[in-house]
Amino acid sequence: QVQFVESGGGMVQPGGSLRLSCAASGFTLDYYAMCWFRQAPGKERQGVSCVSSSDGSTHYADSVKGRFTISRDNAKTTVYLQMNSLKLEDTAVYYCAANTMRTRATMPPLEYEYDYWGQGTQVTVSP
């Protein structure tokens with residue numbers, strides 16, 4: 001059974017940092033594009049950052065460029081999202097997701113192509 005479990009969320013002050021983890025079980029990351037999405041209250045879910053398996057290339061939404069870093073450890077079947085210089089507008093539930101149709105990620109990601117999702121982890125940025 002495929003399962004993704006996100007962790008690392010929490011509450012942080014503006015300017016702070018968090019590192020999210022997405023641990024996969026029953027699934028190998030080697031061949032699939034992986035993305036982090038987020039959904040803020042009252043807003044649509046958006047792609048934040050993605051990493052390709054084909055060449056390891058990374059992609060970021062403009063709103064997080066220079067602040068967030070995505071990485072993957074295929075041996076540990078884990079994808080990470082390092083978030084620095086957090087802003088109030090980064091507050092959201094963050095989800096990791098896998099695209100079993102593609103090895104190369106795009107930005108923005110096509111959400112319908114992502115067929116495995118974690119349950120989400122809450123990130124709250126508050127003074």
Side-chain angles (χ1 to χ4, degrees):
Q1 182 178 356
V2 176
Q3 187 176 17
F4 292 115
V5 178
E6 298 100 334
S7 62
M11 183 175 289
V12 65
Q13 292 183 338
S17 297
L18 285 173
R19 188 194 195 203
L20 304 184
S21 298
C22 171
S25 59
F27 189 85
T28 178
L29 300 181
D30 300 53
Y31 306 111
Y32 308 120
M34 296 291 298
C35 279
W36 285 94
F37 293 80
R38 69 185 181 188
Q39 187 167 24
K43 295 189 177 181
E44 292 186 354
R45 190 158 53 189
Q46 65 167 160
V48 174
S49 181
C50 302
V51 57
S52 301
S53 64
S54 54
D55 59 3
S57 59
T58 56
H59 311 267
Y60 300 93
D62 287 343
S63 59
V64 306
K65 276 181 183 176
R67 301 188 298 122
F68 290 12
T69 303
I70 190 171
S71 60
R72 61 193 298 157
D73 184 335
N74 289 344
K76 294 184 178 179
T77 62
T78 301
V79 179
Y80 303 97
L81 186 67
Q82 178 67 43
M83 306 186 296
N84 298 329
S85 302
L86 283 161
K87 303 177 180 180
L88 296 175
E89 53 263 41
D90 294 320
T91 295
V93 178
Y94 284 71
Y95 302 87
C96 66
N99 182 339
T100 61
M101 290 182 274
R102 296 184 185 275
T103 60
R104 186 165 183 83
T106 60
M107 182 56 67
L110 299 174
E111 191 172 326
Y112 67 85
E113 291 188 340
Y114 285 77
D115 41 358
Y116 290 106
W117 292 78
Q119 83 290 348
T121 185
Q122 176 71 47
V123 171
T124 302
V125 184
S126 179

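These figures come from a predicted structure and were not determined experimentally.
- In this structure, the side chain of Ser52 does not engage the main chain of Ser54 through any donor-acceptor pair within 3.5 Å.
- For an aromatic pair to be called close, the ring centres must be under 6.0 Å apart, and Tyr32 with Tyr116 fails this.
- Taking every heavy atom of both residues into account, Thr106 and Pro108 meet most closely at OG1-O, 3.3 Å.
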query: After noting the C-alpha distance and the side-chain angles of Ser17 and Met83, does the key distance pass the side chain to side chain contact (heavy atoms under 4.5 Å, CB included) rule?
result: CA-CA 5 Å; Ser17 297; Met83 306 186 296; over 6 Å; no

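- Here the closest heavy-atom approach between residue Ala92 and residue Arg38 is recorded as CB-CB, 3.8 Å.
- Taking both residues in full, the closest heavy atoms of Met34 and Ala98 are given as SD-CB, 3.4 Å, listed atom of the first, atom of the second, then distance.
- Remark: the backbone N or O of Pro127 is not paired with any side-chain donor or acceptor of Gln13 at under 3.5 angstrom.
- Between Leu20 atom CG and Glu6 atom CD the span is 8.5 Å, to the nearest 0.5 Å.
- Between the side chain of Thr77 and the main chain of Ala24, a donor-acceptor pair closer than 3.5 Å is present.
- At a threshold of 4.5 Å between non-hydrogen side-chain atoms, the residues Tyr60 and Thr69 count as touching.
- For the residue pair Asp115 and Trp117, the shortest heavy atom distance occurs at C-CD1, 4.1 Å.
- Atom CG of residue Leu88 and atom OG1 of residue Thr124 lie 11.0 Å apart, to the nearest 0.5 angstrom.
- For Trp36 and Phe68, the distance between ring centers is not under 6.0 angstrom.
- Tyr31 and Phe27 fall within the same hydrophobic cluster, where Ile, Leu, Val, Met, Phe, Trp and Tyr residues are linked whenever their side-chain heavy atoms come under 4.5 Å apart, directly or through other members.
- Here the closest non-hydrogen pair linking Tyr114 and Cys50 is OH-SG, 4.3 Å.
- Residues Thr78 and Asp73 have side chains that never bring a donor and an acceptor to within less than 3.5 angstrom of each other.
- Because its NZ or CZ atom is both nearer than 6.0 Å to the ring centre of Tyr95 and within 45° of the ring axis, Arg45 counts as a cation-pi partner of that residue.
- Judged by distance alone, with hydrogens and angles left aside, the side-chain atoms of Arg72 form a donor-acceptor pair with the main-chain N or O of Leu29 at under 3.5 Å.
- A salt bridge links Asp62 to Lys65: at least one charged side-chain nitrogen sits closer than 4.0 Å to a carboxylate oxygen.
- Atom OG of Ser21 and atom CG of Leu81 lie 9.5 Å apart (nearest 0.5 Å).
- Sulfur-to-sulfur, Cys96 and Cys35 sit at least 2.5 Å apart at their SG atoms.
- The distance from atom CD1 of Ile70 to atom OH of Tyr80, rounded to the nearest 0.5 Å, is 12.5 Å.
- One hydrophobic cluster, built from ILVMFWY side chains closer than 4.5 Å, cannot hold both Val2 and Phe37; they sit in different ones.
- The two atoms that bring Ser63 and Arg67 nearest to each other are O-NH2, 2.8 Å, heavy atoms only.
- The line from OG of Ser126 to CE of Met11 is 5.5 Å long, rounded to the nearest 0.5 Å.
- Distance OG/Ser49 to OH/Tyr94: 11.0 Å, rounded to 0.5 Å.
- Arg104 places a side-chain heavy atom less than 4.5 Å from the side chain of Asp55.
- By the criterion of side-chain heavy atoms lying less than 4.5 angstrom apart, applied directly or through intervening Ile, Leu, Val, Met, Phe, Trp or Tyr residues, Val123 is not grouped with Val93; the two fall into different hydrophobic clusters.
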